[in-house]
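The next block holds one structure in the form of structure tokens; read it before the comments.
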Amino acid sequence: MKLSGDVVLEKEVSQRLKDARRVLVALDFDGTIAPLVARPEDARALPATAALLTQLDDLARDSAGTERPTFVALVSGRDIASLHRVAEPGENSFLVGSHGAELQVPAKVTTPDTAVLTEAQRELLSTVTAQLEAIHALHPGSHLEYKTLSTVLHTRGMEAAGAEAAATAAEEALSALDGVSVKHGKEIVEAAVAHSSKGEGLLWLREQTDADCVLFAGDDVTDEHGFAALETGRDVSVKVGSGETIAEFRISSPDSLPELLQLVLDVRS
Ligand SMILES: [Mg+2]
């Protein structure tokens, strides 16, 4: 495994996972478990990763109630309904959707809890959506994604100048609206009517699991909030791919994730 291409770092990660009594493995989905694709609905876990996630979900089930439990969570900007469709999470995994605004404990029931919007949030979401639909109409090649708590303008696949013009138009339109939380990711502008972050999602997970070591891997700028919620030297923050980060460790792409998950299984099984 190449964690920054450094064997010492691999040893360091193993040691932390070994030393901890209660471990939580939390993973972003798009760009981490699944390679990025043009249409969000087409994203799927790499086969090797999917197989290891099943093993981790079994480990979560088998270690529950023991001295050294290992928990598994998916932490995504997707809403939970969408996460169920593309990620097919195991029934022993926690789910954090909509950047921390939706939370689901492991259950055999696969019907997701739907986040409840207030009347004001509902109205604001339709205003935001109308604005983004107008921008989408003016910028061919852009896509819209409708989520429970937000609407997203995607510019993946557009040529750079057009993508930038669409993103700028979206940011300008959204900045005029009060109460909208705007997130900028890789080729997306997302306008949410609930304020949350992956950091808050991870704090909730730590509270639920009482984990003394949290491993969190993610690829996007919104994952930096997650890394910021971790403790350097004790937890394990892993940036997937290139780009500036505050994470302690890095793997080059979703192709390297199976090796990281195998390491977790080797240490914790
Ligand atoms: Mg991602």
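In listed order, ligands and their atoms are each counted from 1.
There is no side-chain donor-acceptor pair under 3.5 Å between S196 and H99. Remark: the T129 side chain and the T151 side chain contain an N/O donor-acceptor pair separated by less than 3.5 Å.
In terms of heavy-atom proximity, E224 sits nearest to I246 at OE1-N, 2.9 Å.
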Worked verdict on K186 versus D220 for salt bridge (charged side-chain N to carboxylate O under 4.0 Å, His left out): CA-CA 7 Å; K186 282 180 185 160; D220 211 338; 5.3 Å; no
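Salt bridge status for E187 with R156: present, with a side-chain N to carboxylate O gap under 4.0 Å. D58 and R61 are joined by a salt bridge, as a carboxylate oxygen and a charged side-chain nitrogen come within less than 4.0 angstrom of each other.
Listing protein N, O or S atoms at distances below 2.8 Å from the Mg ion (ligand 1), with waters left out, gives D28 OD2, D30 O, D219 OD1.
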